[in-house]
Protein chains: 4
Amino acid sequence: MMKKKKVLDKRAALLEATLNLVTNNGFHAAPMSKIAKLAGVAPATIYLYFENKQDLINSLYLEVKASFSDNAFKNYNDKLPVKQGFEIIWNNIADYKLTQIDESSFLSQCDNTPMIAPEIIGKGLKHLQPLIDLWERGKEEGILKPVSNYVLYAYAIYPLSFLLAVQEKDIYVMTVEDRQKAFESAWDAIKI
Amino acid sequence: MMKKKKVLDKRAALLEATLNLVTNNGFHAAPMSKIAKLAGVAPATIYLYFENKQDLINSLYLEVKASFSDNAFKNYNDKLPVKQGFEIIWNNIADYKLTQIDESSFLSQCDNTPMIAPEIIGKGLKHLQPLIDLWERGKEEGILKPVSNYVLYAYAIYPLSFLLAVQEKDIYVMTVEDRQKAFESAWDAIKI
Amino acid sequence: MMKKKKVLDKRAALLEATLNLVTNNGFHAAPMSKIAKLAGVAPATIYLYFENKQDLINSLYLEVKASFSDNAFKNYNDKLPVKQGFEIIWNNIADYKLTQIDESSFLSQCDNTPMIAPEIIGKGLKHLQPLIDLWERGKEEGILKPVSNYVLYAYAIYPLSFLLAVQEKDIYVMTVEDRQKAFESAWDAIKI
Amino acid sequence: MMKKKKVLDKRAALLEATLNLVTNNGFHAAPMSKIAKLAGVAPATIYLYFENKQDLINSLYLEVKASFSDNAFKNYNDKLPVKQGFEIIWNNIADYKLTQIDESSFLSQCDNTPMIAPEIIGKGLKHLQPLIDLWERGKEEGILKPVSNYVLYAYAIYPLSFLLAVQEKDIYVMTVEDRQKAFESAWDAIKI
DNA sequence: AATGAATGAGGATTCATTCAT
DNA sequence: AATGAATGAATCCTCATTCAT
């Protein structure tokens, strides 16, 4: 069990090192040798845990996406009223984007770049099903605009990515009121 | 004159080749040799027109950003009522994003990646001033929510990037009605 | 232990290959690829032992200079009378210059070319201190001319470089008597 | 004639530019493009005056060597007593080495490097014949040591190259007395 | 005579990956 | 399981030289 722990440690260290390097320097400036050094292992060791560099990146993407999604539904259950449920999810996501900055930047980079193959991106989206379900219910109940879920996502969730980006670049700091207003904008955009 | 034309041709061909390769393969898979081949010149020729790879990318970024911005204010003038002015700009941007797919993807990639230095990004933003002015006026007139322009951008314009992305991945095709509704969402998000 | 040996072998092989190529072809005609081939390793392997080409050249310079200096003081000790001590050193240097031809040519090339930075050249000079000490003593004892050590070096040691050069070009072969006379010229030049 | 002048100007400008660049940066950092720029002509123009880079370097070597030799025999005639004649030549050479620093450094670089083919070096030596003749006479008259002219050159003339080098590196400045003593060393070294 | 655009060949260096230990 | 030495292939970039004008 101690052994198992250590193994997981090494894998985790590699993923974290990759996250750091890719986020701050970009894919093309995150060589395997640096990843290994930052993780405290030998370059060859990476290949015990991952098939190759692409597999390492894919794995990281899926893990981060999973942690993002898990977080999104904290304290949420599908019996809540639509607006209340949405508010919980929106706040969870906002919290994540504004505090897990490296992870969020990494996801942005992956989602706007051909560095992750579409089928892997697709896998990562599975976890958001409860949000889709909520929106479908909202549309049935006549609370939400009858538009594609893509449009809902574009207006309700995606703007947070932009706010994260400017936040991270230190050109704008979001106050508590700003955040409340941002939520209202999101809701105004999708509510009927 | 013929000479001047040819020179511009070569520079333009290089920029276009770079746009194609970076958009479809990513920065790290767009080697100078491929760029040269696609542009129909020898690798060394690139260095007659650009200092180095970074300069080539920066130049491309600024040119595309400029074309994007120029397009955004087609038929717009700052005497128009706020909503009408905004609608024109929004539609211009939507047209651009949905038709100039390569250019739009490239800009997304640049804006979500450390591949362009912040100071160059800053330069590219200058051109959007008229939109900022319009928003300031809208807030003064009590038509728009009194929030940071970053928030307005996040909800009014940025969602189009997401819609472009899904559009491009063929997982969603936007109809004329969808688009009208998307505009309404944008407006609902920012109007008071 | 076997491993350690092999590692040293490779480093040494690289240094030797560099010595050969630079000596016979000049710095500008000693590409890393040729050095690697001559040393029997892949080009990338050079970078396991040296930071870059300049570091390789610098290292070689310092090693050769050290071997030159070590040799210069063979059988010498600072209790010997000035003339006798000088004769030993002079002969040691003459032996080195006339037998270690590649090494000597390489040093000449380094010392007459901007290929080695002044601070590295400076480092290489440290080892000659005992000769300087001997000369200072000789001046104190009224045996040597009261002139700068640079002048003493120019007349006592430096001429050997010229004799090496002509020797190497096969335009002149030095006999034992010639050599004895050369020593006398050196001594005549610096003695009072 | 004006035209002829201009032509010579361009050739001379190219030679001077080459001298500057090679002297200060070394052969491997004196690209044709920089030479052209420094001379104020287009790269292709070089090839109107010189066959290729090697020819340019060779031509420069021969011109500089000729100017060095011409200077060496200023005010000299072969009727003078040996010591007096030698003193004149020695002083001429010393003047040249200590004032025409770029030219002297360039010659040192050429003579200690495989950058000039031996047959070209040989050509350059022709001009020193009067010095050889003087030495032969000195040996016949029993004034000079009966040794090879190479040895005489090594001790009488070559040391000046070393003194130039240290002079140029600012680690030693030669006074008038130093210079007188240097001459005496040279004479002591070769006289019987 | 003079040029500046153009280039093929080659330069130093990096990198993902492998393999003997 | 873990490694560090090793590498072939590729990357960015430079350079001597040419050629159409």
Side-chain angles (χ1 to χ4, degrees), chain A residues 3-4 6-7 10-11 28-37 39-57, chain B residues 2-4 6-7 9-11 27-36 40-56, chain C residues 2-4 6-7 9-11 27-36 40-57, chain D residues 3-4 6-7 10-11 28-37 40-57:
Chain A
K3 225 173 188 175
K4 187 72 172 286
K6 260 192 164 171
V7 161
K10 232 162 231 178
R11 209 188 109 99
H28 79 284
M32 297 297 257
S33 54
K34 271 192 195 167
I35 292 172
K37 188 171 289 176
V41 302
T45 305
I46 301 180
Y47 294 85
L48 297 177
Y49 296 92
F50 304 96
E51 256 179 61
N52 50 38
K53 192 176 184 182
Q54 191 60 55
D55 179 40
L56 166 59
I57 298 277
Chain B
M2 187 53 195
K3 219 175 194 174
K4 187 70 171 286
K6 260 190 167 174
V7 160
D9 277 1
K10 234 160 229 179
R11 210 188 108 97
F27 184 101
H28 78 283
M32 297 300 253
S33 53
K34 273 191 195 166
I35 291 172
V41 301
T45 303
I46 300 179
Y47 296 88
L48 295 178
Y49 297 92
F50 305 95
E51 261 180 56
N52 51 38
K53 189 175 182 181
Q54 191 61 56
D55 180 42
L56 167 59
Chain C
M2 187 51 197
K3 218 171 192 175
K4 187 69 171 290
K6 260 191 166 171
V7 161
D9 278 1
K10 232 159 229 176
R11 210 188 108 98
F27 184 100
H28 79 284
M32 297 300 254
S33 54
K34 272 192 195 165
I35 291 173
V41 301
T45 303
I46 300 180
Y47 295 87
L48 295 178
Y49 297 92
F50 305 95
E51 261 179 57
N52 50 40
K53 190 175 183 182
Q54 191 61 56
D55 180 42
L56 167 59
I57 298 279
Chain D
K3 225 174 189 174
K4 186 71 171 286
K6 259 193 167 172
V7 161
K10 234 161 230 180
R11 209 187 109 96
H28 80 285
M32 297 297 257
S33 53
K34 270 192 196 167
I35 291 172
K37 188 171 292 176
V41 302
T45 305
I46 301 180
Y47 293 86
L48 298 177
Y49 296 92
F50 304 96
E51 255 180 61
N52 50 37
K53 192 176 183 182
Q54 191 60 54
D55 179 42
L56 166 60
I57 298 278

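Atom pair C:Ile35:CD1 and E:dG11:P shows a separation of 11 Å (rounding to whole Å applied). Between B:Tyr49 atom OH and E:dT7 atom C1' the separation is 12 Å, expressed in whole Å. Distance CZ (A:Phe50) to C1' (E:dA16): 15 Å, rounded to an integer number of Å. Separating the CD1 atom of D:Ile46 from the P atom of E:dG4 is a distance of 13 Å, rounded to the nearest angstrom. Nucleotide F:dG4 holds its C1' atom 12 Å from the NZ atom of A:Lys37, rounded to whole Å. Put simply, CG on D:Leu48 is 13 Å from P on E:dG4, counting in whole angstrom units.
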* Reading nucleotides 13-18 of chain F from the 5' end, what letters show protein touch, with B for base, S for backbone sugar-phosphate only, - for no heavy atom under 4.0 Å? -> BBBSBB
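Taking 4.0 angstrom as the limit, B:Lys10 places a side-chain polar atom (N or O) nearer than this to OP1 or OP2 of E:dA6. A close approach under 4.0 Å does not occur between any side-chain nitrogen or oxygen of C:Thr45 and OP1 or OP2 of F:dA6.
Across all non-hydrogen atoms, the minimal contact from D:Ala36 to D:Ala42 is CB-C, 3.9 Å. The shortest non-hydrogen separation linking B:Phe27 to B:Gln54 is CZ-OE1, 4.5 Å. Among all heavy-atom pairs drawn from B:Phe50 and B:Arg11, the shortest one is CE2-NH1, 3.5 Å. D:Leu56 and D:Met32 make their closest contact through CD2-SD, 4.2 Å (heavy atoms, listed as atom of the first residue, atom of the second, distance).
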* Toss me the dot-bracket line for DNA chain E: Watson-Crick and G-U wobble, both under 3.5 Å, 5' to 3', using | for pairs to another strand and [ ] for crossers. => .||||||||||||||||||||
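Remark: B:Tyr49 OH to B:Asp55 CG distance equals 14.0 Å, nearest 0.5 Å.
Applying the side chain to side chain contact (heavy atoms under 4.5 Å, CB included) criterion to A:Lys37, with sequence neighbours excluded, gives no partner residue.
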